[in-house]
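Worksheet: the structure to be examined is printed underneath.
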There are 2 protein chains.
Amino acid sequence: MKVTKRNKLKNNGWVVGSTSDFLGLSDEEEMLINIKLTLASELKSRRQQVKITQSELAKRLGSSQSRVAKMESADSSVSLELLVRSLACFGASQAEIGKMIIGKKSVKKKQQSTMAK
Amino acid sequence: MKVTKRNKLKNNGWVVGSTSDFLGLSDEEEMLINIKLTLASELKSRRQQVKITQSELAKRLGSSQSRVAKMESADSSVSLELLVRSLACFGASQAEIGKMIIGKKSVKKKQQSTMAK
DNA sequence: CAGGGGTATGTCAGTATTGACATACCCCTG
DNA sequence: CAGGGGTATGTCAATACTGACATACCCCTG
């Protein structure tokens, strides 16, 4: 599994659509990152909406403040799985998660990769 | 992280909406499993559509036949991440992935958990 | 300037996930 | 029955992810 490039990405304040392009990320990786960024910012805004601190959220998740911070910044050490689980903890339904991933403003056309039908 | 229960689930031929209920899975875990089942079956059907074997797909993914089998059966040892990555490899766009997760027929109403707004 | 609440970053030991491999289990067709 | 192509299941060493902890970095307000 290639993590090398992802580790390079010190992506913090991101605008959710303009990821990479200039780094040589494959389409798949790029999409994955995009998804993570989307969920991450959704998580952050949901937490802020409820006005709780990262530490409080951490407690409810059975995690730690530092990990919450990493989640919210879509740190390369957090898995999609954890993000989804956390959103679920805020009451996000499966359908809502799906919608988040789709995203309001579609951001980039993708032509598919090596094997599309 | 609790994996114990998930390991119990020898879920193979699943109808994507009727998961668990009778096992004491938390809502979050249940949703996660549902998502995985959905993506897994999508992956399988896409592979079949293109008429390639698990081994061929494995090669393209840089993985192995056994892992592909596990993915397609939503084995508890495969991550959401891997499923998404694999679907991406078939040319699935971010939006398509989102739609898959939403699912055609909504299956279950969820009332949210401890902290929803 | 000092302290404090909130957030970010780094590290680490424990756990989970991964690809590879072996092997078993189907069908088939001969 | 024998082989073979495809799929499933189990195991394992390597790698990735996780929570916890320490610590730094903001703001503030006093």
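Per chain, numbering begins at 1; letters A, B, ... match sequence-line order.
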Sorted by chain and number, sequence neighbours left out, side-chain contact (heavy atoms from CB on, under 4.5 Å) with A:Gln65 holds for A:Gln54, A:Ser55, A:Ala69

Whole-Å distance, B:Gln54 CD to C:dC27 P, equals 15 Å

note: A:Leu43, atom CG; C:dA8, atom P; distance rounded to Å ~ 12 Å

B:Leu57 CG to C:dA20 P, in whole Å, measures 13 Å

Atom CG of B:Leu61 and atom C1' of C:dT18 are separated, to the nearest Å, by 12 Å

Using a cutoff of under 3.5 Å, can you pull out all pairs of nitrogen or oxygen atoms linking the protein to nucleotides 20-24 of chain D, with atom names and distances?
unit_1	atom_1	unit_2	atom_2	d
D:dA20	OP2	A:Ser63	O	3.0
D:dA20	N7	A:Ser64	OG	3.2
D:dC21	N4	A:Ser66	OG	2.6

Of the listed D:dT9, C:dT18, C:dT7, the closest approach to the B:Ala69 side chain comes from D:dT9

Atom CG of B:Asp75 and atom C1' of D:dA8 are separated, to the nearest Å, by 10 Å

Atom CG of A:Leu80 and atom P of D:dA16 are separated, to the nearest Å, by 17 Å

inquiry  = If you apply the rule salt bridge (Lys or Arg N to Asp or Glu O under 4.0 Å), what do you find for A:Arg47 with A:Glu56, and how did you get there?
reply    = CA-CA 10 Å; A:Arg47 178 180 62 80; A:Glu56 296 178 295; over 6 Å; no

Distance col, row B:Leu61:CG vs A:Glu28:CD, nearest 0.5 angstrom, shows 9.0 Å

Does B:Glu96 reach the main-chain N or O of B:Ser93 with its side chain, forming a donor-acceptor pair under 3.5 Å?
yes

OG1 of A:Thr38 to CD1 of A:Ile101, rounded to nearest 0.5 Å, is 8.0 Å

Nearest heavy-atom approach of B:Ile102 to A:Ala95 is CG1-O, 3.6 Å

Exercise. Please check if the side chain of B:Lys36 supplies one atom and the backbone of B:Met71 the other of a donor-acceptor pair under 3.5 Å.
Key: no

Here the distance between atom P of C:dT17 and atom CG of B:Leu32, to the nearest Å, is 10 Å

Rounding to 0.5 Å, atoms CG (B:Leu57) and OG (B:Ser86) come to a distance of 6.5 Å

A:Lys44 near the nucleic acid: base, sugar-phosphate alone, or nothing, with a heavy-atom cut-off under 4.0 Å? sugar-phosphate

B:Glu81 side chain to A:Leu80 main-chain N or O, any donor-acceptor pair under 3.5 Å?
yes

Testing D:dT18, C:dT18, D:dT9 for proximity to the side chain of A:Leu82, the answer is D:dT18

DNA chain C in dot-bracket form (Watson-Crick or G-U pairs under 3.5 Å, [ ] crossing, | inter-strand) is ||||||||||||||||||||||||||||||

Rounded to whole Å, CE of A:Met71 lies from C1' of D:dG19 at a distance of 10 Å

Of the candidates C:dT18, D:dA8, C:dT7, the side chain of B:Ser79 sits closest to C:dT18

